[in-house]
Amino acid sequence: MKVSLFITCLSDAVYPRVGEAMVRLLARYGVQLEFPQVQTCCGQPAYNSGYWDEARTAARTIVSAFEDSDFVVSPSGSCTYMLHHYPELFKDEPEWLEKARDLERKTYEFTQFLIKVLDVKDLGAVFPHKVTYHPSCHGSRLLGVKDEPLELLRSVKDLELVPLPFAEDCCGFGGTFAVKMPDISGAMVTEKGDHILESQAEVLVGLDMACLMNIAGHLRYRNEPVRVMHLAELLYEGVQS
């Protein structure tokens with residue numbers, strides 16, 4: 001099967017180690033990820049801001065990039081869910097609508113792909129640290145990725161998974177929301193930081209680098225030593241132990 005990596009903007013430009021971890025982990029199960037160079041932003045910033053024509057331009061590039069793939073895997077629940085909006089963007093364009101529906105059907109967030117497609121729940125990782133998990137809004141509420149990351153974390157040897165108080169509260173990033181409403185966004189991430197510290201976790205893990213970037217920046221501002229990681233990074237580090 002032809003499996004392609006949809007890297008997303010932040011992982012590509014700022015956190016390439018997340019994509020590297022995904023590639024190396026999936027290679028352990030015989031999956032050689034392909035990387036269409038033409039891929040670009042999924043169009044979510046334009047879509048959420050009401051610029052649907054611009055979002056359609058980005059969407060056409062993404063649809064074309066992965067047209068020949070059997071599966072598409074992404075490290076972001078948020079960007080993965082944006083691809084589920086493509087049929088709405090192309091509802092008046094029958095040819096693109098069918099292509100958008102095909103892309104929606106074959107696109108998976110990383111933990112979804114591991115568990116639902118590969119049926120891999122235990123990677124044999126070892127990670128002797130106290131960890132808490134932040135469920136990002138789009139991934140958990142809209143895409144429905146809830147049990148998969150927790151199942152993978154619970155399989156990691158020596159990892160102590162501790163609950164995050166008010167875990168489902170938004171971190172305050174929300175893409176353009178953080179720019180348009182900086183005071184509210186700042187208050188929200190401060191609250192999230194308080195809850196992370198309350199958990200007494202050494203490591204915060206999640207599935208979306210936008211949220212994790214926001215939280216990590218806030219914790220650094222407070223000089224707190226909590227390590228912030230994408231789940232793919234944690235699992236890859238764990239299998240190297």
Side-chain angles (χ1 to χ4, degrees), residues 7-8 10-11 14-29 73-78 109-115 118-140 143 145-173 188-241:
I7 189 60
T8 76
L10 275 179
S11 291
V14 185
Y15 300 102
R17 64 181 182 269
V18 175
E20 292 168 5
M22 284 180 56
V23 169
R24 290 168 178 162
L25 285 171
L26 292 176
R28 294 164 60 90
Y29 300 96
V73 187
S74 172
S76 166
S78 179
E109 181 274 329
F110 171 64
T111 65
Q112 282 184 316
F113 186 76
L114 272 178
I115 290 180
L118 298 184
D119 194 29
V120 172
K121 301 174 182 178
D122 186 347
L123 287 79
V126 180
F127 195 78
H129 299 283
K130 184 182 290 188
V131 177
T132 196
Y133 170 68
H134 167 66
S136 298
C137 298
H138 279 186
S140 61
L143 193 60
V145 179
K146 295 183 178 180
D147 296 332
E148 294 92 340
L150 295 175
E151 191 166 2
L152 289 165
L153 284 168
R154 291 187 183 111
S155 74
V156 177
K157 186 179 179 182
D158 296 334
L159 184 150
E160 180 184 355
L161 183 61
V162 296
L164 176 61
F166 301 97
E168 293 186 356
D169 285 3
C170 178
C171 74
F173 184 70
M188 292 170 73
V189 75
T190 297
E191 204 169 72
K192 177 64 68 173
D194 291 343
H195 296 319
I196 292 166
L197 298 176
E198 184 182 341
S199 76
Q200 298 185 334
E202 302 167 70
V203 179
L204 173 73
V205 69
L207 303 179
D208 269 287
M209 286 315 304
C211 305
L212 295 176
M213 177 181 68
N214 186 42
I215 297 169
H218 175 75
L219 292 172
R220 282 197 301 270
Y221 177 77
R222 292 169 66 164
N223 293 315
E224 296 294 347
V226 180
R227 189 178 180 192
V228 179
M229 307 175 72
H230 190 282
L231 180 54
E233 295 178 281
L234 185 152
L235 293 172
Y236 183 65
E237 184 172 315
V239 299
Q240 301 305 299
S241 301

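Starting from 1, each residue takes its place in the sequence as its number. Worth knowing before you read on, the calculation uses all heavy atoms, side chains too, and leaves out hydrogens, waters and symmetry mates.
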Student: Taking 4.0 angstrom as the limit, do E237 and R227 come out as a salt bridge?
Tutor: yes
Student: To the nearest 0.5 angstrom, please state how far the CG atom of D122 sits from the CG atom of L114.
Tutor: 11.5 Å
Student: Measure the CD1-CD distance between I196 and E191 for me, rounded to the nearest 0.5 Å.
Tutor: 11.5 Å
Student: If you look at every heavy atom in L212 and L207, which pair is closest and at what distance?
Tutor: CD1-N, 4.5 Å
Student: Has S136 got a side-chain atom pairing as donor or acceptor with H138's backbone, closer than 3.5 angstrom?
Tutor: no
Student: Which atom pairs, one a donor and one an acceptor, fall under 3.5 Å between side chains of residues 124-135 and the rest of the protein, sequence neighbours left out?
Tutor:
from : atom 1 : to   : atom 2 : distance (Å)
H129 : ND1    : E202 : OE1    : 3.3
T132 : OG1    : V162 : O      : 2.9
T132 : OG1    : L164 : N      : 3.3
H134 : ND1    : K192 : NZ     : 3.2

Student: Between CZ of F113 and CG of L26, what distance do you get to the nearest 0.5 Å?
Tutor: 6.0 Å
Student: Provide the closest heavy-atom pair for A21 versus A232 in the form atom of the first, atom of the second, distance.
Tutor: CB-O, 3.6 Å
Student: I'd like to know if the side chain of S11 and the backbone of V18 have a donor-acceptor N/O pair within less than 3.5 Å.
Tutor: no
Student: Please find the pair of heavy atoms, one from V226 and one from A201, that lie closest to each other, and give the distance.
Tutor: CG2-O, 3.9 Å
Student: Looking only at heavy atoms, what is the nearest atom pair of K121 and D119, with distance?
Tutor: CE-OD1, 3.8 Å
Student: With side chains defined as the heavy atoms from C-beta onward, is the minimum distance between Y15 and E233 less than 4.5 Å?
Tutor: no
Student: Tell me whether N214 contacts the main-chain N or O of V189 through its side chain, where contact means a donor paired with an acceptor under 3.5 Å.
Tutor: no
Student: CD of E148 to CG of L231: how many Å apart, nearest 0.5 Å?
Tutor: 11.0 Å
Student: Determine whether more than 12 heavy atoms belonging to other residues, nucleotides or ligands lie under 6.0 Å from atom CZ of F166.
Tutor: no
Student: Does atom CD (E224) have a neighbourhood of more than 12 heavy atoms from anything else shown, all under 6.0 Å?
Tutor: yes
Student: Mind jotting down which residue pairs meet the ring-ring contact (aromatic ring centres under 6.0 Å, His included) criterion with at least one end in residues 218-241? Sequence neighbours excluded, please.
Tutor: none
Student: Is Q112 reaching over with its side chain to a backbone N or O of E109, donor-acceptor style, under 3.5 angstrom?
Tutor: yes
Student: Just wondering, more than 12 heavy atoms not from Q240 lying within 6.0 Å of its CD?
Tutor: yes
Student: List the residues meeting side chain to side chain contact (heavy atoms under 4.5 Å, CB included) with P165, not counting sequence neighbours, and say none if there are none.
Tutor: H195, E198, S199
Student: Please name the pair of heavy atoms, one in P149 and one in T111, separated by the smallest distance, quoted to 0.1 Å.
Tutor: CD-OG1, 3.9 Å
Student: As an exercise, state the distance from CG of L153 to CG of L234, rounded to the nearest 0.5 Å.
Tutor: 6.5 Å
Student: Could you walk me through whether R222 and D194 pass the salt bridge (charged side-chain N to carboxylate O under 4.0 Å, His left out) test, one step at a time?
Tutor: CA-CA 10 Å; R222 292 169 66 164; D194 291 343; 2.8 Å; yes
Student: Quick one: does V14's side chain get under 4.5 Å of M209's, heavy atoms only?
Tutor: no
Student: Say you draw a straight line from OG of S140 to CG of D208; how long is it, rounded to the nearest 0.5 Å?
Tutor: 9.0 Å
